[in-house]
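Below, each value reflects all heavy atoms present in this structure, side chains not excepted, and no hydrogens, waters or symmetry copies. The residues of the chain are indexed from 1 along the displayed sequence. Only a predicted model underlies this, so the values are computations on that prediction, with no experimental measurement involved.
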Amino acid sequence: MDDLRLALLLNAVSPAVGGVLVRGEKGTAKSTAVRALAALMPDVDVVAGCRFSCSPGAPDPGCPDGPHEAAPAAARPARMVELPVGASEDRLVGALDIERALADGVKAFEPGLLADAHRGVLYVDEVNLLHDHLVDLLLDAAAMGASYVEREGVSVRHAARFLLVGTMNPEEGELRPQLLDRFGLTVEVAASRDPEQRVEVVRRRLAHDDDPAAFAARWADEEAALRERIVTARILLPRVELGDAALRQIAATCAAFEVDGMRADIVMARTATALAAWAGRTAVREEDVRQAALLALPHRRRRNPFDAPGLDEDKLDETLEQFGGDDRPDPDTDPDPDPDTDPSGPDGGPGGGGVPPQGQGPDSAPPAGQPEPSESPAGQPEPSEPAGPPAASTGAGERAAERAAEPFRTKVLSVPGLGEGAAGRRSRARTEHGRTTGARRPRGTLTKLHLAATVRAAAPHQRARGRSGPGLVVRRDDLRQAAREGREGNLVLFVVDASGSMAARRRMSSVKGAVLSLLLDAYQRRDKVGLVTFRGTGAEVALPPTSSVDAAAARLEELPTGGRTPLAAGLLKAHDVLRVERLRDPSRRPLLVVVTDGRATGARGGDALALAGRAARLHSAEGTASVVVDCEAGPVRLGLAGNLARDLGGTAVTLDELRADSIAGLVRDVRAATTGTDSTVRNRRAA
């Protein structure tokens, strides 16, 4: 945990660093470590009675509780405010009483979590699961240092400068790039594999559970010393000198790793300065720049969501050495303090910079595939394939996993109709955010006022209500909620043919590239994804529906091929997955993407294609939107994928047509085909 502790302490020394994103597997005490930071933060001087924590020395001139001329000061502990993943917009930014604003002209404002977190810490556990509209509000507040509440011409503004700390498990999905870039530093945490350390963790946890007060008292002196060291570093921070040589190294490092924008340079400079102050020095050294790079750059050099975070440390050292200047501090004139204040870790221990094991990054290539078998006729068993190397073979007739081709931008596939699922960017839906399409009576708390509809509802009753002045007499029954239309995220379930026919002529590389492209599109549109594969004698759920698109990409990369083509089994398995997901999340509409050449084989004497057709019609009967990605190749095409698409009530598209720069009518075809299916389903139900 050296990197995690160091990153948190550096932000305590210099909040301008910009916060910390903590990535790691479950059960690694991420939340415990972050919550412990609050007890180490120095007290904050605030204006007495101000709900927005204004500083007595420089109060916010636009504070809703102001003005604060000659207001008394008070000291209080720094706050750590937790933002729940399921919080409402009003809970985050504050609530404005619309009824009083319209009837009385009074700005009755109740501060939200952003106001509570001003000059403190805003902590978001499972930040990658935060809804998009809350992420947008966080981005605005982080960029402007203020929160704005706008409701039909009535506005409230207050300062909102906070230290943003988030924890997440990468298995549950990644962050939007805009929010990811707002975190100054990032660290990777994992449970220790050392038995002695694990024993000590268990021993301390049990001791805390037995007697929390005694356990806290045992470490009180160390916490007090750490708090004092933070205060000392804060006092020293303004006197730390960032020389030209260090600035050149920072700029060269950011350029060498091709990070976007200039925020990385600024964060690295602030982090290196904080490291020097933490070590008790007044000059930034090369080791400070190196440690700053290891903390500030890994999450900024990712080019797509499937890249693993991390830095090539050899490349980093070469860059620092190449651009090191002659004005680096002389160890004789700027000696290190005692070993306990070594900048490499908060306790004098080594800091690793949160770099994953080398060889697991995005540039590490998987083993190459083996030559693949020739294609077999439709309805016939595929011939057995020669065995591959013993280490790569996973069973009779299977081939080693083949690397995916380069991904590309795909056409937008959407579910027809108007849904009510979770906010996203794929299909049309009724949402709390988007364009206004009408008005309705509010169900519960009013969140988005439709002003014109409210005035129309109140206008006929003004004489009966005794209106005598220019003001409009508005009652609660007059209020109207704005009905809005936006976009929702869907469940995109991939059903991928991994049989021997798909492996023929090395087509699996292109197929994986296409699925990877669709996964990238699903990531950008905030979908849940699932992966069903079929080959040999049956089908399996390679990845249950999840928000972790990169987990699906990893499973796809490892997918071997070979054997028969049990198409019916794959469709039935997909039907089972969708049935369970409808019970779990009935508002999230599914989109079935079948990637196959349409061939089907099974036991001798059976009609595999007929079985596949019956399985496909199960999906059609339930109105599931579907697309068949036709992977058939060669000069002679049997058109089996098109037949499957008709049975599914969807549409078929070739690998070439899937690209965004071809066939502009693809989405219209999907909608038209599925709308026809919807009509058929309605007629059947009516009958």
Side-chain angles (χ1 to χ4, degrees), residues 1-13 15 19-20 22-46 74-84 113 116-117 119-126 162-163 165-169 185 187-235 278-280 337-352 354:
M1 295 295 184
D2 287 337
D3 293 332
L4 173 56
R5 287 182 293 166
L6 179 60
L8 292 173
L9 290 168
L10 291 176
N11 275 274
V13 171
V20 186
V22 187
R23 299 165 46 96
E25 59 197 23
K26 53 186 175 293
T28 49
K30 301 185 296 293
S31 301
T32 302
V34 172
R35 291 188 178 103
L37 178 65
L40 301 176
M41 298 284 286
D43 288 349
V44 178
D45 291 330
V46 298
R76 63 161 175 79
R79 290 174 180 162
M80 175 168 286
V81 178
E82 295 196 32
L83 171 60
L113 296 178
D116 293 341
R119 303 179 66 202
V121 180
L122 182 64
Y123 171 46
V124 189
D125 194 12
E126 306 295 347
F162 48 82
L163 180 63
V165 181
T167 55
M168 60 174 283
N169 183 351
L185 310 179
V187 291
E188 298 275 342
V189 297
S192 172
R193 300 296 184 252
D194 181 3
E196 291 302 321
Q197 289 190 7
R198 297 175 75 96
V199 165
E200 184 62 21
V201 169
V202 175
R203 183 181 291 119
R204 293 189 187 184
R205 174 57 190 262
L206 295 178
H208 175 271
D209 292 344
D210 290 341
D211 192 345
F215 185 85
R218 174 185 171 190
W219 299 98
D221 291 342
E222 289 197 25
E223 283 197 351
L226 200 54
R227 190 180 303 110
E228 182 61 30
R229 184 175 170 191
I230 292 173
V231 173
T232 302
R234 280 191 171 190
I235 296 172
W278 179 249
D338 62 81
D340 290 338
T341 59
D342 191 290
S344 59
D347 302 323

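Inter-residue side-chain proximity for M80 and F162 is flagged as unmet; no heavy-atom pair is nearer than 4.5 Å. You'll find the side chain of V187 reaches within 4.5 Å of the side chain of V20, heavy atoms only. Residues R205 and D209 are in side-chain contact: their nearest non-hydrogen atoms beyond the backbone lie under 4.5 Å apart. Using a 4.5 Å cut-off on side-chain heavy atoms (C-beta onward), D116 and L113 make contact. I230 has its side chain within reach of P42: a pair of non-hydrogen atoms, C-beta onward, lies under 4.5 Å apart. Looking at L122 and L163, their side chains never come closer than 4.5 Å, going by heavy atoms from C-beta outward. Contact check for L9 versus R229: no side-chain heavy atoms found under the 4.5 Å cut-off. A heavy-atom distance below 4.5 Å is not found between the side chains of S31 and E82.
Between the side chain of R23 and the main chain of N169, no donor-acceptor pair closer than 3.5 Å is present.
Expressed to the nearest 0.5 Å, how far CZ of R35 lies from OH of Y123 amounts to 5.0 Å. Rounded to the nearest 0.5 angstrom, D194 CG and E200 CD are separated by 11.0 Å. To the nearest 0.5 Å, the span separating CG on L37 from CG on N11 amounts to 8.0 Å. Rounding to the nearest 0.5 Å places NZ of K30 at 8.5 Å from CE of M1.
Between F215 and R204 the shortest heavy-atom distance is CE1-O, 3.5 Å. Shown here for P15 and A12, the closest heavy-atom pair between the two residues is CD-O, 4.2 Å. Residues T28 and A191 come closest through the heavy atom pair CG2-N, 3.4 Å. In terms of heavy atoms, R119 sits closest to V46 at NH1-CG1, 3.7 Å. Annotation for R234 and V13: closest pair CG-O, 3.3 Å, computed over non-hydrogen atoms.
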Open item on the list: Determine whether R79 and M41 satisfy the following criterion, side-chain contact (heavy atoms from CB on, under 4.5 Å), listing intermediate values before the conclusion.
Closed with: CA-CA 9 Å; R79 290 174 180 162; M41 298 284 286; over 6 Å; no
- [ ] Dump the intermediate steps for side-chain contact (heavy atoms from CB on, under 4.5 Å) on D3 and E188, then the final yes or no.
- [x] CA-CA 8 Å; D3 293 332; E188 298 275 342; over 6 Å; no
TODO: Apply the test side-chain contact (heavy atoms from CB on, under 4.5 Å) to residues V22 and M168: give CA-CA distance (whole Å), side-chain angles for both, the deciding distance (0.1 Å), then the verdict.
DONE: CA-CA 6 Å; V22 187; M168 60 174 283; over 6 Å; no
